[in-house]
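Hydrogens, waters and symmetry mates play no part in the numbers below; they use all other heavy atoms, side chains included. In this text, all values refer to a predicted model and were calculated from it rather than measured experimentally.
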Amino acid sequence: MAHEENLSIGLFIDGGYYAKIDEGLARNNGGKVNLKQLMQFIPELISTQFGIDKKLLYITEAHYYRGRFRAKEADDRNLLLEERKFEDSLIENDIICHYKHLRENPHGGIIEKGIDTWFALDTYELTLYRNFDYVVLISGDADHEMLAKKLKALKTHVILLTWDPANTGSTSRFLSEEVCTHIDIQRLAGKDSGLIGRLTVRA
């Protein structure tokens with residue numbers, strides 16, 4: 001299919017899912033996601049999948065959502081420096097960060113409250129007003145199934161981009177079946193031996 005006009009891509013990253021990718025890569029080969037390369041790879045992937053000139057495809061907005069500890073708690077857990085270094089990479093790649101504070105559960109553990117809802121509301125609202133041609137979701141959460149359905153009602157092509165290097169089964173089947181296109185990086189890597197090396201960097 002020939003296109004002559006520029007096409008916009010909205011990228012929305014579920015930070016909890018992204019962290020699972022990094023954890024899986026760290027277990028496999030001591031690596032982590034090369035965010036810069038990932039951002040370059042997404043337009044290339046859409047170009048290849050749909051036969052569109054890569055020069056016409058642009059990520060016009062990218063957003064990242066995650067719960068995080070308050071500064072004192074992060075410092076106590078020796079997480080502050082790593083968090084700041086990761087934020088630096090988000091900023092360097094023009095990805096807008098959205099954070100909510102984590103809360104401690106009175107019965108033990110940590111609560112990440114409201115992030116999925118915020119992710120879904122923002123993604124829908126921005127797609128409505130920005131009129132993205134493609135929305136790429138990096139997520140595996142079943143809660144985003146209805147988001148995908150609503151985005152399709154806006155006549156937006158919804159792409160689910162997943163990566164499960166540790167083979168944890170962290171992608172919801174319901175979400176996968178609801179999107180227009182599901183692309184799994186681990187599966188692509190089976191056909192392209194250099195792909196994982198390109199998309200990762202040593203931690």
Side-chain angles (χ1 to χ4, degrees), residues 10-28 31-35 38-39 41-42 59 61-71 73-91 93 95-105 107-127 135-151 158-179 182-186 199-201 203:
L11 172 63
F12 296 86
I13 303 170
D14 175 340
Y17 184 84
Y18 187 98
K20 288 179 183 177
I21 299 173
D22 268 350
E23 288 165 9
L25 290 171
R27 284 199 294 271
N28 278 2
K32 63 180 179 180
V33 179
N34 185 325
L35 193 54
L38 180 64
M39 294 286 285
F41 174 68
I42 288 170
I59 296 178
E61 283 194 41
H63 297 262
Y64 172 91
Y65 296 80
R66 185 79 199 270
R68 73 173 184 183
F69 293 106
R70 294 175 187 273
E73 294 169 318
D75 194 30
D76 290 345
R77 295 167 185 259
N78 296 316
L79 296 172
L80 199 55
L81 178 59
E82 281 304 311
E83 286 183 354
R84 284 299 302 272
K85 285 166 65 177
F86 180 65
E87 284 175 18
D88 285 346
S89 69
L90 292 172
I91 293 166
N93 288 283
I95 299 173
I96 301 167
C97 313
H98 305 268
Y99 293 113
K100 281 182 71 70
H101 283 136
L102 295 169
R103 293 185 289 176
E104 289 191 13
N105 189 323
H107 306 292
I110 302 297
I111 303 172
E112 189 177 57
K113 193 77 172 172
I115 296 295
D116 289 339
T117 302
W118 190 12
F119 179 102
L121 289 171
D122 267 8
T123 303
Y124 181 80
E125 182 179 49
L126 286 166
T127 303
V135 165
V136 176
L137 305 176
I138 297 182
S139 177
D141 198 325
D143 289 344
H144 295 145
E145 175 194 353
M146 288 308 298
L147 167 63
K149 187 185 289 286
K150 285 291 188 180
L151 292 174
V158 185
I159 298 172
L160 179 66
L161 185 62
T162 59
W163 191 356
D164 186 10
N167 195 28
T168 60
S170 56
T171 300
S172 162
R173 176 175 61 85
F174 300 105
L175 175 59
S176 174
E177 291 174 352
E178 188 59 57
V179 297
H182 177 197
I183 300 172
D184 182 74
I185 290 178
Q186 206 67 21
L199 297 180
T200 59
V201 64

Query raised in the report: Under 3.5 Å, side chain of Tyr17 to main-chain N/O of Trp163, donor-acceptor pair present?
Result: yes

| request: Verify, without hydrogens or angle tests, whether Asp184 (side chain) and Gln186 (backbone) share a donor-acceptor contact under 3.5 angstrom. | output: yes

Minimum heavy-atom separation for [X] and [Y], please, with both atom names.
X: Ala74; Y: Glu83; value: CB-OE1, 3.8 Å
X: Val179; Y: Ala148; value: CG1-CB, 3.9 Å
X: Glu145; Y: Glu178; value: O-CG, 3.4 Å
X: Met39; Y: Ile95; value: SD-CD1, 3.9 Å
X: Thr168; Y: Arg27; value: CG2-NH2, 4.2 Å
X: His182; Y: Ser176; value: ND1-OG, 2.7 Å

Paired with Ile138, the side-chain contact (heavy atoms from CB on, under 4.5 Å) test is passed by just one of Thr162, Leu38, Ile185, namely Leu38

(message) Between Lys20 and Glu23, is the salt bridge (Lys or Arg N to Asp or Glu O under 4.0 Å) condition met? List the steps.
(response) CA-CA 5 Å; Lys20 288 179 183 177; Glu23 288 165 9; over 6 Å; no

Inset, instruction - Using a 4.5 Å cut-off on heavy atoms from C-beta on, say whether the side chain of Thr127 contacts that of Tyr124. - result: no

Across all chains, not counting sequence neighbours, the side chain to side chain contact (heavy atoms under 4.5 Å, CB included) partners of Asp141 are Asp14, Asp116, Ser139, Asp143, His144

Residue set satisfying side chain to side chain contact (heavy atoms under 4.5 Å, CB included) with Ser89, at least two apart, ordered chain then number -> Leu35, Phe86

Interatomic distance, [X] atom [atom1] to [Y] atom [atom2] [nearest 0.5 angstrom]:
X: Tyr64; Y: Leu11; atom1: OH; atom2: CG; answer: 12.0 Å
X: Thr123; Y: His63; atom1: OG1; atom2: NE2; answer: 8.0 Å
X: Ile59; Y: Ile42; atom1: CD1; atom2: CD1; answer: 4.5 Å
X: Thr200; Y: Ile21; atom1: OG1; atom2: CD1; answer: 12.0 Å
X: Thr117; Y: Asp122; atom1: OG1; atom2: CG; answer: 11.0 Å

Q. What do the steps show when you test Val158 against Leu160 for side chain to side chain contact (heavy atoms under 4.5 Å, CB included), and what is the final call?
A. CA-CA 7 Å; Val158 185; Leu160 179 66; over 6 Å; no

Residues 161-170 vs salt bridge (charged side-chain N to carboxylate O under 4.0 Å, His left out), sequence neighbours excluded, gives none

| query | Can Val201 and Lys32 be said to form a side chain to side chain contact (heavy atoms under 4.5 Å, CB included), step by step? | reply | CA-CA 6 Å; Val201 64; Lys32 63 180 179 180; 3.8 Å; yes

In terms of ring plane angle, is the pair Phe12 and Tyr65 parallel, tilted or perpendicular, where the classes change at 30° and 60°?
-> parallel

Q.
Determine whether Asp76 and Phe69 satisfy the following criterion, side chain to side chain contact (heavy atoms under 4.5 Å, CB included), listing intermediate values before the conclusion.
A. CA-CA 10 Å; Asp76 290 345; Phe69 293 106; over 6 Å; no

For salt bridge (Lys or Arg N to Asp or Glu O under 4.0 Å), just list the numbers for Arg77 and Glu73, CA-CA rounded to whole Å, side-chain angles, deciding distance to a tenth of an Å, and then say yes or no. CA-CA 6 Å; Arg77 295 167 185 259; Glu73 294 169 318; 6.0 Å; no

